[in-house]
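What follows is a short report on a single structure.
A, B, ... follow the sequence lines: proteins, then strands. Residue 1 opens every chain.
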2 protein chains.
Amino acid sequence: MKEELDVFHRHLAKERLKRTSQRDLILEVFLETEDHVSVEELYDMVKRRDTTVGFTTVYRTMRLLVEARLAREVNFNDGRTRYEHEYKHDHHDHLICTECDALIEFVSPEIERLQEEIAQKFGFVITDHSHRIFGVCNGHYTKTGELPPYCRKRQNGDLPPAS
Amino acid sequence: MKEELDVFHRHLAKERLKRTSQRDLILEVFLETEDHVSVEELYDMVKRRDTTVGFTTVYRTMRLLVEARLAREVNFNDGRTRYEHEYKHDHHDHLICTECDALIEFVSPEIERLQEEIAQKFGFVITDHSHRIFGVCNGHYTKTGELPPYCRKRQNGDLPPAS
DNA sequence: TTGATTGCAAAGCATTTGCATGCTA
DNA sequence: TAGCATGCAAATGCTTTGCAATCAA
């Protein structure tokens, strides 16, 4: 927590921006959740600690956190941008259950390597990527209906079909 | 062209929906472009042939084409949904240049296989996936500034950074 | 005939912007 | 003090919906 705050403040200083209580609070609340929060969800959480913080400020602060490489935008096709921790979190991709709010993070060095190969073949320099696998999780096709333990719940239950 | 029209009409019949001149025209125009068109772009193209067709009808027809598996939604983070041909077009993913409108389609059976492995490991049944690699294409870091020939132009030049 | 389709206008949503006020450096 | 930040309201941009008129089956 301490470390991320330092990173943020250094970023603000570098950009000649100002440290404010709102910005600090939003970062603090963001760091406390391991969920993939939307601005609205984060706003609700922030509001519980300080009712005066505005919606717009959360939007603007999330942009700053992305610039400071503390947050990373993700999109699960539910119509809103979500954010996950980026600082000292290895890159990963997502398995997304379209039947429930199950979400699994996965890492595949082999896929990353193949990506590089492909990019190289076409003369591309990769800056970023987004690999989303949509499907149906265990709990939704097995008879028990139980969610596998590694299926962490998402915040919003309703995902439209994949794009 | 003929074949896709048949597929469409069969889909309409199956769903007890009606064949209309607007729907036929929109499909026809969609099939004529190899671009990843947005609804707005498609609407403009349709308008040139029939000025009476409405915006809403294009939206609604694209939904039908997706249901009929003639079109596939894609999203390049430019704030609008785009569509590409799906009928008899093998699945592929995209390399997207964030500096220009270059777009490269790629296929990687190895990545597809690894995806399956990962999904299986987590008890997922894959229904769909979206793998987008954002980066800078050849023409934007080589001295010549020339676009490689396989960089097909997109319609809109301004892509925001990757999500 | 009957119910689906159309096109317009209006509504919905997530996100951004304008601006007067407030606060950091 | 200078100018960045804030929060509200209004605007934006894409997409959907309500509805009366129209049209396919």
Side-chain angles (χ1 to χ4, degrees), chain A residues 8-27 36-44 46-47 49-68 71 73-83 155-156 158-161 163, chain B residues 8-27 36-44 46-47 49-68 71 73-83 155-156 158-161 163:
Chain A
F8 190 33
H9 294 161
R10 274 200 298 276
H11 178 76
L12 292 176
K14 183 163 70 76
E15 301 290 323
R16 302 212 190 314
L17 301 175
K18 286 167 182 167
R19 176 178 173 180
T20 68
S21 62
Q22 290 93 331
R23 287 175 175 175
D24 280 1
L25 174 61
I26 291 164
L27 171 57
H36 295 73
V37 282
S38 66
V39 168
E40 193 184 13
E41 287 157 2
L42 197 53
Y43 169 72
D44 288 342
V46 167
K47 212 101 215 236
R49 302 244 205 118
D50 180 351
T51 45
T52 71
V53 174
F55 211 78
T56 315
T57 304
V58 179
Y59 268 103
R60 290 192 273 229
T61 302
M62 287 320 292
R63 195 189 297 166
L64 290 178
L65 295 185
V66 169
E67 284 165 16
E73 286 188 9
V74 287
N75 188 295
F76 298 144
N77 286 357
D78 64 347
R80 71 206 66 203
T81 301
R82 293 181 173 279
Y83 296 89
Q155 293 74 49
N156 277 348
D158 271 317
L159 271 196
S163 82
Chain B
F8 190 33
H9 294 161
R10 274 201 298 277
H11 178 76
L12 292 176
K14 183 162 69 77
E15 302 289 325
R16 302 210 191 317
L17 302 175
K18 286 165 183 170
R19 177 178 172 179
T20 68
S21 62
Q22 291 93 330
R23 287 176 175 175
D24 280 2
L25 175 60
I26 291 164
L27 170 57
H36 295 73
V37 282
S38 65
V39 167
E40 193 184 13
E41 287 157 3
L42 197 53
Y43 170 72
D44 288 341
V46 167
K47 216 88 221 239
R49 302 244 204 117
D50 180 350
T51 44
T52 71
V53 175
F55 212 79
T56 316
T57 304
V58 181
Y59 268 103
R60 291 191 272 227
T61 302
M62 288 320 292
R63 196 191 295 167
L64 290 177
L65 295 185
V66 169
E67 284 165 17
E73 287 188 8
V74 287
N75 186 296
F76 298 145
N77 286 356
D78 64 348
R80 72 205 67 202
T81 301
R82 293 179 173 280
Y83 297 89
Q155 293 74 47
N156 277 348
D158 271 319
L159 271 198
S163 84

*Distance, rounded to the nearest Å, where R10(A) contributes CZ and dA25(C) contributes C1'*: 19 Å
*asked:* It should be established whether Y59(B) places a side-chain nitrogen or oxygen under 4.0 Å from OP1 or OP2 of nucleotide dT15(D).
replied: yes
*Given atom CZ of F55(A) and atom P of dA10(D), what is their separation to the nearest angstrom?*
17 Å
_Looking at every non-hydrogen atom in both residues, tell me the closest pair between G54(B) and Y43(B) and how far apart they are._
C-CE1, 3.8 Å
*What integer distance in Å separates N77(A):CG from dT15(D):P?*
13 Å
*For H9(A) and dT24(C), give me the distance from atom NE2 to atom P, rounded to whole Å.*
13 Å
*Does a side-chain N or O from R19(A) land closer than 4.0 Å to OP1 or OP2 of dC23(C), or not?*
no
*asked:* side chain to side chain contact (heavy atoms under 4.5 Å, CB included), that's the test. Do V66(A) and E73(A) meet it? Break it down for me.
replied: CA-CA 7 Å; V66(A) 169; E73(A) 286 188 9; 4.2 Å; yes
*Any side-chain N or O of T57(A) under 4.0 Å from OP1/OP2 of dA5(D)?*
no
*Quick one: closest heavy-atom pair of N77(B) and N75(B), and the distance?*
N-OD1, 2.8 Å
*Round to a whole Å and report the spacing from CG of D78(A) to P of dT15(C).*
9 Å
_Without decimals, in angstroms, what is the distance between L12(A) CG and dA25(C) P?_
9 Å
*asked:* Distance check needed: dT15(C) P versus E41(A) CD, whole Å only.
replied: 11 Å
*d(CD, E15(B); P, dT5(C)) in whole Å*: 10 Å
*Verify the contact: side-chain N or O of Q22(B) to OP1 or OP2 of dC23(D), cut-off strictly under 4.0 Å; return yes or no.*
no
_Candidates dG3(C), dT6(D), dA25(C) - which lies nearest the side chain of K18(A)_ = dA25(C)
*Starting at the 5' end of DNA chain C and moving along, which residue's nearest nucleotide shows up first, L17(B) or T56(B)?*
L17(B)
*Is there side-chain contact between R23(B) and L12(B), with heavy atoms separated by less than 4.5 Å?*
yes
*asked:* Base of dG7(C), side chain of R60(B) - is there a donor-acceptor contact under 3.5 Å?
replied: yes
*Quick one: is R63(A) getting a side-chain N or O under 4.0 Å of the dT15(C) phosphate, OP1 or OP2?*
no
*asked:* When you measure from the side-chain N and O atoms of R80(A) to the phosphate of dC13(C), is any distance below 4.0 Å, counting only OP1 and OP2?
replied: no
*Is the closest side-chain heavy-atom distance between H9(A) and D24(A) below 4.5 Å?*
yes
*Where each residue is assigned the nucleotide of DNA chain D containing its nearest heavy atom, which of E40(B) and T20(B) is assigned the position nearer the 5′ end?*
E40(B)
